[in-house]
There are 2 protein chains.
Amino acid sequence: MTCSINYAPQLRAQGLRMTPQRNAILHVLHHSGGHLSPTQVYKQARKEYPRLTEPTVYRTLEDLAEKKFLLAAHVGNGKIVYELAAKQHHHLICHKCGGTVQVEHAPLELLYRQLESSTGYKLDSGHVTFFGLCSDCQS
Amino acid sequence: MTCSINYAPQLRAQGLRMTPQRNAILHVLHHSGGHLSPTQVYKQARKEYPRLTEPTVYRTLEDLAEKKFLLAAHVGNGKIVYELAAKQHHHLICHKCGGTVQVEHAPLELLYRQLESSTGYKLDSGHVTFFGLCSDCQS
DNA sequence: ATCCTTATTGCAACTTTTTACAATAGCACA
DNA sequence: TGTGCTATTGTAAAAAGTTGCAATAAGGAT
Ligand SMILES: [Mn+2]
Ligand SMILES: [Mn+2]
Ligand SMILES: [Zn+2]
Ligand SMILES: [Zn+2]
């Protein structure tokens, strides 16, 4: 499965090497379009590159997230999912039915500035997860 | 190790039974005072109640968190820690050095109300985790 | 004090995630 | 095109977390 997207130059610009393993992982995330768990990434990317192993998947996802190619999101109980980094957004998850809603960054902008000035931290741009009960599950 | 705190009545008020396993787990969290991982809880609570097993620890921590006796916090890469629920607060973690800062709930209050009215979700009271770079790690 | 219901537990097997280290292979440069 | 540096990978083993199910025991009721 070849496709036009080539991440090699951007990876090298960040000091990372392009390998067939990384290529397969990035393609899987690109074509899925959504959030995938490491196990899902492993199973799918393996079809493109069968020698792929689990440790490589876990390390690659972490490395690519650290360099901002991917966003990591917590989805409850220590579960984590990844997606290609695109527009900045956040998540709101119903802890009863699992339903999720995307949250724009705009309403968080003021808070971010307050926290940065009061703590001295420079906040990451993305992907905070809020939990709650959706309207259906409140009854 | 006996101690004066007895959670039994509060547990029963929530429809939960008090067992020596739960007692040991609650005591460990009470005496530690901070955030503990499930593995840490398991190792310590085992000293008080040696028959304790891992599945019981994981299930108990989830159950107690669901009933709001405990707060769960994500601390990066799918790692989760628990603490006794007390004052509402949030966390800001440096993803380079791991340094953490507590964040009061007050500055999030407005955001919470906005999100609740725009999404229809009723937000959980606690423990959002923000990530960023602390002032030391920004250079 | 005993019985009964059913929440809770332990067991055993399994899946997921992590670790250390030696082998491999990008890619910058000559 | 070939060489060398070292980032990246696979391997093997361990650790952490999950699951289904049968046995146990908490605590309300008699
Ligand atoms: Mn997302
Ligand atoms: Mn906390
Ligand atoms: Zn819901
Ligand atoms: Zn730091």
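Lettering follows sequence order; numbering is per chain, from 1.
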Positions of residues 77-85 of chain A (non-hydrogen atom under 4.0 Å from DNA chain C), listed by number: none
Given DNA chain D, 5'-ward residue of the pair B:Y58 and A:T60, judged by closest heavy atom: A:T60
May I have the distance from [X] (atom [atom1]) to [N] (atom [atom2]), rounded to whole angstrom?
X	N	atom1	atom2	result
A:Q21	C:dT24	CD	P	14 Å
B:L52	C:dT9	CG	P	9 Å
A:D63	C:dT18	CG	P	12 Å
A:R59	C:dT16	CZ	P	18 Å
A:E62	C:dT16	CD	C1'	14 Å
B:I25	C:dT9	CD1	C1'	11 Å
B:E54	C:dG10	CD	C1'	11 Å
B:Y42	C:dT9	OH	P	14 Å

N/O donor-acceptor pairs under 3.5 Å from side chains in residues 93-100 of chain B, not counting sequence neighbours:
residue: B:H95; atom: ND1; partner: A:D124; partner atom: OD1; Å: 3.3
residue: B:H95; atom: ND1; partner: A:D124; partner atom: OD2; Å: 3.0

Establish, from distance only, whether the side-chain atoms of [X] and [Y] form a donor-acceptor pair under 3.5 Å.
X	Y	result
A:H91	A:H74	no
B:H90	B:H105	yes
B:E83	B:H30	no

DNA chain D-proximal residues of residues 7-20 of chain A, any heavy atom under 4.0 Å: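 When residues 7-20 of chain A is checked for heavy atoms under 4.0 Å from DNA chain D, the hits, listed by number, are A:L16, A:R17, A:T19.
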Pairing residues for B:E66 by the salt bridge (Lys or Arg N to Asp or Glu O under 4.0 Å) criterion, not counting sequence neighbours: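 Partners of B:E66 by the salt bridge (Lys or Arg N to Asp or Glu O under 4.0 Å) criterion come out as none, since no residue qualifies.
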Nearest-0.5 Å distance that lies between atom [atom1] in [X] and atom [atom2] in [Y]:
X	Y	atom1	atom2	result
A:S32	A:Q44	OG	CD	6.5 Å
B:Q114	A:L111	CD	CG	10.0 Å
B:Y58	B:T53	OH	OG1	11.0 Å

Co-members of the apolar cluster containing A:V28 [side chain, <4.5 Å]: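 Answer for A:V28: A:I5, A:Y7, A:L11, A:L16, A:M18, A:I25, A:L26, A:L29, A:L36, A:V41, A:Y42, A:Y49, A:L52, A:V57, A:L61, A:L64, A:F69, A:L70, A:I80, A:Y82, A:L84.
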Expected output: side-chain B:N6 to main-chain B:A8 donor-acceptor under 3.5 Å: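 Pair found, side chain donor or acceptor close to backbone of B:A8.
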Residue pair A:S117 / A:R113, side-chain heavy-atom distance below 4.5 Å: no
First encountered from the 5' end of DNA chain C, between B:R22 and A:K43: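 Counting from the 5' end, the first nearest nucleotide belongs to B:R22.
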DNA chain D: 5'-most and 3'-most nucleotides touching chain B, 4.0 angstrom heavy-atom criterion: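 From 5' to 3', the first and last contacting nucleotides are D:dA16 to D:dG28.
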